[in-house]
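Owing to the predicted nature of the structure, the values given are computational and were not obtained by experimental measurement. Chain letters run A, B, ... following the sequence lines, proteins first and then strands; every chain starts at 1.
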Protein chains: 2
Amino acid sequence: MYPFLPSENGCLLNGMSHTPGIRQAQKLKTRQALLDAALTLLEEKSLSSLGLREVTRAVGVAPTAFYRHFDGVAALGVALVEEALGSLHGMIGAILADTGDSEERLDRSVVLIARHVAEQPAHFRFIAREQHGGVGPVREAIAAQLRAFTEEVARAIATEPQSAGWDRQDLLMLGGLYVDHMVLTASALLDAAGPEDEREVVRTARRQLRLVTLGRAHWLDS
Amino acid sequence: MYPFLPSENGCLLNGMSHTPGIRQAQKLKTRQALLDAALTLLEEKSLSSLGLREVTRAVGVAPTAFYRHFDGVAALGVALVEEALGSLHGMIGAILADTGDSEERLDRSVVLIARHVAEQPAHFRFIAREQHGGVGPVREAIAAQLRAFTEEVARAIATEPQSAGWDRQDLLMLGGLYVDHMVLTASALLDAAGPEDEREVVRTARRQLRLVTLGRAHWLDS
DNA sequence: AAAGTCAGTGAACAGTCGTACTCCCAACTG
DNA sequence: CAGTTGGGAGTACGACTGTTCACTGACTTT
């Protein structure tokens with residue numbers, strides 16, 4: 001599936017005499033160009049209707065060149081999932097590393113999501129669209145990644161004093177609620193018509209998070 | 001696929017004098033056949049990759065006949081939204097009409113959702129898939145319907161004693177939370193691998209609803 | 001009983017699609 | 001240096017797409 005990188009460990013050896021990277025670098029460049037073009041095209045289409053030729057045409061390479069990088073459109077989709085959720089991973093890390101008052105953290109989280117969505121709209125749109133989309137492998141890849149995020153969030157939540165006495169099921173449940181809410185908020189931000197709409201979405205998202213946090217605080221009272 | 005039955009119900013009526021029913025009934029029948037075939041095909045595809053010819057082939061009708069009923073695939077999608085969310089409307093009504101202890105209501109709601117998903121899986125799959133899908137008009141139709149549901153839920157919530165002192169924004173926020181959670185739960189049920197998975201999804205959904213309800217109870221404490 | 005309506009037909013259009021094949025030449029190898 | 005590798009180009013194929021047009025014949029109307 002992935003191209004062998006034989007010069008990776010031989011880099012230092014090759015670095016002496018022969019130039020090691022030109023060919024690989026070019027290949028990676030084309031590959032990235034394919035991914036970028038696909039992501040752009042996917043802003044107003046869904047993956048299952050994305051044509052292989054359409055992508056190569058946008059990049060300016062022959063249709064056959066596509067196969068040098070991916071088995072088919074589905075494989076490209078899976079690669080896009082990795083790319084998109086890489087940036088998401090960074091964002092979640094930043095949110096979890098946040099400290100301070102619960103209310104402030106909540107605010108900062110929503111703002112952070114809004115900023116990332118504004119910076120990488122295509123990535124979020126792709127994830128939201130293909131999460132329930134028509135291409136099986138891509139759907140599964142996204143589900144697996146989001147499940148990983150849920151566990152990560154649950155693990156972070158577990159270390160906080162508010163979560164004393166919570167069992168694993170409850171922690172995962174709350175983590176899932178947070179992750180789902182994040183994806184939904186991102187999608188709502190993308191659908192927002194203008195700056196005013198966006199602020200409204202942010203306000204609502206904050207309110208909803210506050211309610212969830214409130215429920216969390218009284219979870220063990222039942 | 002479907003045989004013509006021109007004389008099926010027309011005989012006795014037509015025998016009288018002027019009965020303007022046969023033709024329209026046939027037309028509606030074909031239209032419904034197109035909708036049904038499309039919904040079946042959409043179980044493993046998304047609307048933007050659904051071909052017009054594909055649908056007519058499944059019904060057993062010439063491709064051109066499609067235009068007698070819809071402007072194009074997008075229009076068929078919008079019609080499917082109305083059909084699908086009609087059944088959803090009934091379900092929400094049943095949930096809201098429920099009375100009794102908050103915990104029992106919550107349980108019954110989740111069970112009701114699970115039952116409806118089991119009865120009409122294709123409808124729910126379609127909604128979940130096209131909610132963020134690639135066809136604009138369909139996305140907007142779904143968004144409009146879900147917004148209407150949110151308002152309906154908010155209105156129902158407002159009448160309950162627990163919601164005294166809540167403003168409109170807060171009620172809509174909570175309604176949106178419930179509606180979003182319902183769609184997400186339905187989607188999770190559809191992705192469930194087996195009966196064991198389904199029960200797990202139901203358990204988690206119940207837990208999440210309980211947390212939200214808990215947050216609701218303490219909303220005005222802040 | 002004659003005239004009209006119209007859902008459905010079948011052929012033909014100009015495209016696009018994925019994919020298999022051969023070939024080329026710059027980059028790498030020993 | 002000669003020899004190999006491999007990303008990409010080019011061509012060609014059959015299958016499928018949405019849409020048009022003139023048309024038929026069963027149902028409706030007058």
Which whole-number value in Å describes the distance from A:E54 CD to C:dG15 P?
-> 17 Å
Hey, which sits more toward the 5' end of DNA chain D by its nearest nucleotide, B:L50 or B:Q24?
-> B:L50
Separation of atom CZ in B:F66 from atom C1' in D:dT20, rounded to whole Å = 16 Å
Whole-Å distance, A:Q26 CD to C:dA27 P, equals 9 Å
Closest to the A:A65 side chain: D:dA9, C:dA7, D:dG7?
-> D:dA9
Starting from the C-alpha separation in whole Å, work towards a yes-or-no answer on side-chain hydrogen bond (donor to acceptor under 3.5 Å, both in side chains) for B:H123 and B:E83.
-> CA-CA 8 Å; B:H123 275 157; B:E83 191 181 80; 3.1 Å; yes
If you check every side-chain atom of B:I22, which of D:dT19, D:dC27, D:dG8 has the closest atom?
-> D:dC27
Look at the side-chain N and O atoms of A:R23 and state whether any lies under 4.0 Å from the OP1 or OP2 oxygen of D:dT4.
-> no
Checking B:M91, B:H181, B:R108 against B:I113 for side-chain contact (heavy atoms from CB on, under 4.5 Å), the one that qualifies is B:M91
Hey, are B:E196 and B:R199 close enough for a salt bridge, meaning a charged N less than 4.0 Å from a carboxylate O?
-> yes
Nearest to the side chain of B:V61 - C:dG8, D:dA9, D:dG8?
-> C:dG8
With side-chain hydrogen bond (donor to acceptor under 3.5 Å, both in side chains) as the test, would you mind laying out the steps for B:S49 and A:S49 before giving the verdict?
-> CA-CA 5 Å; B:S49 66; A:S49 66; over 6 Å; no
Closest to the B:R68 side chain: D:dT19, C:dA7, C:dG18?
-> C:dA7
Checking A:V55, A:L76, A:L52 against A:F70 for side-chain contact (heavy atoms from CB on, under 4.5 Å), the one that qualifies is A:L76
For the pair made of CZ in B:R53 and P in D:dA15, what is the distance, rounded to whole Å?
-> 14 Å
B:H69 has a side chain; which of C:dG8, C:dT9, C:dA7 sits nearest to it?
-> C:dG8
Roughly how many Å is it from CG in A:L52 to P in C:dG18, rounded to a whole number?
-> 5 Å
Hey, is the side chain of A:T30 poking within less than 4.0 Å of OP1 or OP2 on D:dG8, counting only N and O atoms?
-> yes
Tell me which nucleotide among C:dA7, D:dT19, C:dG18 gets nearest to the side chain of B:Y67.
-> D:dT19
Atom-to-atom span, NZ of A:K27 to C1' of C:dC28 - whole angstrom | 14 Å
B:R57, nearest nucleotide to its side chain (from C:dT19, D:dT17, D:dG10) = D:dT17
For the side chain of B:T64, counting heavy atoms from C-beta on, which of D:dG10, C:dT9, D:dT19 is nearest?
-> C:dT9
